[in-house]
2 protein chains.
Amino acid sequence: MANEIFICHNCPMTRTMATIGTKWKPIIIYTLGLKKQRFGLIHAKMELISKKILTEQLKELEEDGIVKREAFKEMPPRVEYSLTNKGLELLPILNMLTEWNAKHQQGQ
Amino acid sequence: MANEIFICHNCPMTRTMATIGTKWKPIIIYTLGLKKQRFGLIHAKMELISKKILTEQLKELEEDGIVKREAFKEMPPRVEYSLTNKGLELLPILNMLTEWNAKHQQGQ
DNA sequence: AATAGTGGATACCTTTTTGTAACTAATATG
DNA sequence: CATATTAGTTACAAAAAGGTATCCACTATT
């Protein structure tokens with residue numbers, strides 16, 4: 001029975017959660033969708049997130065190669081975000097999650 | 001452009017996150033998998049989670065109809081957890097997430 | 001009689017996450 | 001000259017999440 005136990009760090013789900021397992025990241029990715037969007041618009045769409053958190057989460061997503069950031073040397077600043085291929089591949093999976101959720105929500 | 005903005009509470013992804021968007025829930029569901037398992041085994045498999053949190057997350061998953069709990073009137077107690085149909089439907093989607101993650105992890 | 005075994009509950013404390021408000025840079029407009 | 005504009009940053013405060021240790025119930029074993 002000992003070998004039924006695996007170490008979490010080797011658990012694929014745990015590793016996946018380490019990348020996208022936060023409250024906001026899946027929502028940011030879903031909000032970005034197929035479009036290239038400015039920081040301000042993303043922030044407006046997501047309403048409840050603070051600028052600080054959005055900035056920070058976008059930065060992590062960029063570091064993980066999920067989001068692409070393009071800053072234009074203008075004033076006032078303009079920064080556009082979009083999903084990389086890696087991020088785009090996540091989109092259909094996230095859509096399946098929302099469909100799963102919608103399907104099971106009649107009870108409410 | 002105003003109608004490009006949607007309210008987060010009506011955002012399908014936000015609603016989905018409200019159900020399974022925590023650090024531990026996807027891992028618990030993934031760990032349960034197709035098997036019916038006792039509390040102690042789940043806890044051992046997940047190593048880094050405390051009993052308190054595991055209990056609490058399992059209770060929420062049960063309330064959301066994702067996990068089924070069977071308690072046997074024995075001493076010492078025996079409690080078996082398994083996924084409901086709703087939970088089972090999540091499994092292939094979570095697997096796609098781990099595959100996505102594995103695919104993109106060469107860079108590390 | 002003492003101890004092990006299991007799935008919790010509880011009180012308490014620490015860490016992590018999130019939010020708020022004010023401030024900045026460089027240009028354009030009134 | 002004052003003000004608006006945008007994408008942050010920073011210091012500070014609050015809230016949420018998570019962890020630790022201890023205790024319990026009841027039976028079986030030593």
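Lettering of chains follows the sequences in order, A, B, ..., and the numbering in each one begins at 1.
For B:Arg69, the salt bridge (Lys or Arg N to Asp or Glu O under 4.0 Å) criterion is met by no residue, not counting sequence neighbours. In terms of the salt bridge (Lys or Arg N to Asp or Glu O under 4.0 Å) criterion, residue partners of A:Glu89 (sequence neighbours excluded) are, by chain and number, B:Lys103. Looking at residues two or more places apart in sequence or on another chain, you find no salt bridge (Lys or Arg N to Asp or Glu O under 4.0 Å) involving A:Lys23.
When every heavy atom of B:Leu91 is checked against every heavy atom of B:Ile29, the shortest pair comes out as CD1-O, 3.7 Å. Nearest heavy-atom pair, B:Met17 versus A:Thr22, reported as atom, atom and distance to 0.1 Å: SD-O, 4.5 Å. The minimum heavy-atom distance linking A:Ile42 with A:Leu32 is given by the pair CD1-CD2, 3.8 Å.
Here A:Tyr81 lies in heavy-atom contact (under 4.0 Å) with sugar-phosphate atoms only. Within the nucleic acid shown, A:Lys73 has no heavy atom closer than 4.0 Å to any nucleic acid atom.
Residues B:Phe72 and B:Pro77 fail the side-chain proximity criterion, which asks for heavy atoms closer than 4.5 Å. Considering only heavy atoms from C-beta on, B:Ile66 comes within 4.5 Å of B:Thr19 through its side chain.
A side chain to side chain contact (heavy atoms under 4.5 Å, CB included) with B:Leu97 holds for exactly one of B:Asn95, B:Asn101, B:Leu94; it is B:Leu94.
Close approach of DNA chain D to chain A, defined as any atom under 4.0 Å from a non-hydrogen atom of the protein, starts and stops at D:dT5 to D:dA11.
Put simply, B:Arg38 has a side-chain N or O that comes within less than 4.0 Å of OP1 or OP2 on C:dG7.
Stem list for DNA chain C (at least 3 consecutive Watson-Crick or G-U pairs, distances under 3.5 Å): C:1-30 with D:1-30.
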Using a cut-off of 4.0 Å between protein heavy atoms and nucleotide atoms, how would you tag nucleotides 10-30 of chain C 5' to 3' with B, S and -?
-B------BBB-----B----
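Using a 30° and 60° split on the angle between ring planes, A:His43 and A:Phe39 fall in the parallel class, below 30°.
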